[in-house]
Undergrad: 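Got a structure here, written out as structure tokens. Questions coming.
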Amino acid sequence: MTRVIVDNSTGADAPFAAEITRELQRRGFETELRGPSPQARYDTAIRVTDGVAVRLTEPPDRETLERVAEAVRLSEQHRTVTRRRYRPVPILQGETRRALTWVDALS
């Protein structure tokens, strides 16, 4: 089974990252939730692509990639928020910034 890291090291959205982690665990993935780095607390720069990311430690097959993407999409259905918006969540290969795919999650 592929190990999945939910990377919230930028401090973008802790509840969203935690829910993605739970959805992945429900699907049998071994997961790690990376919390915000100490530097993220004082970083005021705005980066469009920085936010919650999902990192796969091994190159995935199509089925694995689809299961991870489904978990990301479904993660928002368990949260109660008053304002919803679409946000792109990259699924990345390992520690690189190479996106295997982007998932639009309604939040």
Undergrad: Could you check whether any side-chain N or O of Thr21 sits under 3.5 Å from a backbone N or O of Ala17, counting only pairs where one atom can act as donor and the other as acceptor?
TA: yes
Undergrad: Just how far is it from atom CZ of Arg55 to atom OG1 of Thr96, taken to the nearest 0.5 Å?
TA: 7.0 Å
Undergrad: Do Val89 and Ile5 land in one hydrophobic cluster if side-chain heavy atoms of ILVMFWY residues count as linked below 4.5 Å?
TA: no
Undergrad: Got a donor-acceptor contact below 3.5 angstrom from the Arg26 side chain to the Ala71 backbone?
TA: no
Undergrad: So which pairs with a foot in residues 56-71 pass salt bridge (charged side-chain N to carboxylate O under 4.0 Å, His left out), sequence neighbours left out?
TA: Arg27-Glu70
Undergrad: Tell me every residue that passes salt bridge (charged side-chain N to carboxylate O under 4.0 Å, His left out) with Arg22, counting only those two or more places apart in sequence or in another chain.
TA: Glu19
Undergrad: For Val68, which of Leu56, Val103, Thr101 qualifies under side-chain contact (heavy atoms from CB on, under 4.5 Å)?
TA: Leu56
Undergrad: Report the residues that fulfil side-chain hydrogen bond (donor to acceptor under 3.5 Å, both in side chains) with Thr31, sequence neighbours left out, ordered by chain and then residue number.
TA: Gln25
Undergrad: When you compare the side chain of Val4 with that of Thr57, does any pair of heavy atoms fall below 4.5 Å?
TA: no
Undergrad: What are the two closest non-hydrogen atoms of Gln93 and Pro60, and how far apart are they?
TA: OE1-CD, 3.8 Å
Undergrad: To the closest 0.5 Å, what do you measure between CZ (Phe29) and OG1 (Thr2)?
TA: 6.5 Å
Undergrad: At what distance, to the nearest 0.5 angstrom, does CG of Leu33 lie from CG of Asp7?
TA: 9.0 Å
Undergrad: Ignoring hydrogens, what is the shortest heavy-atom contact between Val52 and Phe16? Give both atom names and the distance.
TA: CG2-CD2, 3.9 Å
Undergrad: What distance separates Leu92 CG from Arg97 CZ, expressed to the nearest 0.5 Å?
TA: 8.0 Å
